[in-house]
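Quick one: the structure is below, questions incoming.
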Protein chains: 2
Amino acid sequence: MQSKIDSSDQPARSFIETARRAQIIDQAVATIAELGFAQASLARIAKRAGISAGVISYYFAGKDDLIAEVAAHVFDAGEAWVRPKVMRCTSATEALRTFLIASVDYIATSPSNVLAMMNITHAGPKPDGAPRFDPNVTLGRSEGLSRVLEWGQKTGEFRAFAVPVMVTTVIQAINGVTPALARDPRLDLAAYATELADLFDRATRKDLP
Amino acid sequence: MQSKIDSSDQPARSFIETARRAQIIDQAVATIAELGFAQASLARIAKRAGISAGVISYYFAGKDDLIAEVAAHVFDAGEAWVRPKVMRCTSATEALRTFLIASVDYIATSPSNVLAMMNITHAGPKPDGAPRFDPNVTLGRSEGLSRVLEWGQKTGEFRAFAVPVMVTTVIQAINGVTPALARDPRLDLAAYATELADLFDRATRKDLP
DNA sequence: TCAATTTTTGATTGCATGATCAAATTTTAG
DNA sequence: CTAAAATTTGATCATGCAATCAAAAATTGA
């Protein structure tokens with residue numbers, strides 16, 4: 001009867017609690033992906049998950065809290081997909097290329113397609129002016145990309161440029177896959193990824209082939 | 001008493017009708033810019049415009065219709081800001097640079113900051129699968145950019161690349177100003193714009209300085 | 001086994017929204 | 001001036017929503 005939501009600093013979650021939260025987050029992702037963000041009500045998510053409406057409120061402090069965890073989950077999954085591929089690279093040039101191609105690949109094959117827009121959708125100010133949703137959820141998680149760019153500058157592969165601007169631009173370019181796909185569902189994503197890789201190769205490298 | 005909304009193929013709008021529609025659109029822009037998209041209800045927009053709630057429904061078929069017109073208005077204004085500056089350029093290289101700098105400038109100084117995200121926010125599928133909002137509103141209006149890029153390829157200033165990918169990437173890069181500003185409100189936009197110009201200079205030109 | 005605890009249910013609450021409409025007001029035209 | 005038309009009002013309607021909560025059910029542990 002007592003809700004858990006605001007108590008735990010140390011989560012110490014029970015097995016069932018962890019499972020339920022994961023189930024709810026998964027179904028929230030699926031619902032958003034299928035119906036779009038605006039139509040993804042708690043009731044619909046609960047129905048899809050095959051559970052009662054109140055359960056979500058039992059495990060999450062509110063819808064904002066759920067959405068925040070959904071976003072974190074999606075972006076973590078993306079990072080888990082991209083990171084090992086980038087880590088294997090032996091040059092910054094190759095790493096940047098890999099980052100771009102793997103990211104487009106991930107967006108194309110995961111339900112995150114719709115979710116990529118969440119950080120923008122929710123970036124708008126609340127009435128009180130405080131941001132409703134931390135826009136760093138996407139960009140703050142791109143430390144890996146920052147490190148690749150700095151690496152390339154250190155080794156002299158890359159020219160001098162402002163890393164934050166380049167980070168933002170790369171992330172935005174990747175997110176651009178979503179509207180591009182919306183415009184033309186038959187889009188050749190592999191070709192698109194290659195184009196992006198070439199583009200940023202040009203934009204970053206000091207000595208061009 | 002009879003509503004106008006779905007009748008006119010040829011608008012043939014009265015003076016007062018034109019003025020009211022413009023007023024409503026302006027106040028909708030201001031409301032969205034101030035409170036964010038989610039909080040911009042018809043009632044709030046009407047209140048801000050100092051008119052009764054029903055008037056909006058009298059002139060617009062529905063909220064979606066209003067939003068569509070708001071978007072068109074904002075993007076038209078952006079085009080009007082950027083276009084003449086680009087037209088004055090004597091090379092594609094200069095034109096692309098000007099396009100980027102003027103666009104960042106426009107986003108920075110207009111309420112469109114928040115509105116730039118609308119095409120994404122509303123790009124999600126409706127329940128019936130039909131797009132609620134044409135994603136081409138932004139990108140379909142970037143014929144000017146397409147023409148600049150094709151021009152540069154024709155004159156040999158630019159290397160060979162897929163124009164649609166480059167268009168999407170440039171637009172996304174410009175839209176990236178919004179989250180970048182949200183992250184750091186003290187961002188030096190002029191420097192940001194210059195970085196972008198350099199970045200795409202590198203990405204597009206055949207012969208680099 | 002059985003009492004305490006956790007989890008789930010599903011009805012309910014209160015609220016904000018978009019839309020509607022008859023009546024009131026203003027404008028237009030003859 | 002006056003009647004018709006256009007415009008505006010403001011109350012009202014139906015809807016969908018997040019959140020709440022008492023009660024039921026399931027689980028746990030002694």
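Just so it is clear: chains get the letters A, B, ... in the order the sequence lines come, proteins before strands, and each one is counted from 1.
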Under-4.0 Å salt bridge between B:E150 and B:K154: no
Neighbour count above 12 (heavy atom, 6.0 Å) for A:W151 CH2: yes
Integer-rounded Å distance: C:dT7 C1' and A:Q23 CD: 13 Å
Nucleotide C:dT9, atom P - distance to NZ of A:K47 in whole Å: 14 Å
For atom CG of A:L42 and atom P of C:dC15, their distance in whole Å: 19 Å
Non-hydrogen side-chain atoms of A:R159 and A:T204 separated by less than 4.5 Å: no
Pair up each side-chain donor or acceptor in residues 20-28 of chain A with any protein partner under 3.5 Å, not counting sequence neighbours, and list the distances.
| residue | atom | partner | partner atom | Å |
| --- | --- | --- | --- | --- |
| A:R20 | NH1 | A:Q23 | OE1 | 2.6 |
| A:R21 | NH1 | A:Y59 | O | 2.8 |
| A:R21 | NH2 | A:E69 | OE1 | 3.0 |
| A:R21 | NH2 | A:E69 | OE2 | 2.2 |
| A:Q23 | NE2 | A:A49 | O | 3.1 |
| A:Q27 | OE1 | A:R48 | NE | 3.3 |

A:L96 and A:T98, any side-chain heavy atoms less than 4.5 Å apart: no
Could you list, one pair per line, each protein nitrogen or oxygen that sits under 3.5 Å from a nitrogen or oxygen of nucleotides 9-12 of chain D, together with the distance?
| residue | atom | partner | partner atom | Å |
| --- | --- | --- | --- | --- |
| D:dT9 | OP2 | B:S52 | N | 2.7 |
| D:dG10 | N7 | B:S52 | OG | 2.9 |

Backbone of A:F158 reached by a side-chain donor or acceptor of A:Q153 within 3.5 Å: no
D:dC17 OP1/OP2 closer than 4.0 Å to side-chain N/O of A:R44: yes
Separation of C:dG10 P from A:I56 CD1 (nearest whole Å): 15 Å
N/O (side chain, A:S41) to phosphate O (OP1/OP2, D:dG16) under 4.0 Å: no
Atom-pair distance (CD on A:Q39; P on D:dA18), nearest Å: 11 Å
Distance, rounded to the nearest Å, where B:D65 contributes CG and C:dG18 contributes C1': 14 Å
Integer-rounded Å distance: D:dT15 C1' and B:K63 NZ: 15 Å
d(CD1, B:I24; C1', D:dT8) in whole Å: 11 Å
Nearest-neighbour nucleotide for the A:Y59 side chain, C:dT20, C:dT7, D:dT8 considered: C:dT7
B:R202 vs A:F161 side-chain heavy atoms within contact, under 4.5 Å: no
Nearest-nucleotide 5' precedence on DNA chain C, B:I16 against B:A40: B:A40
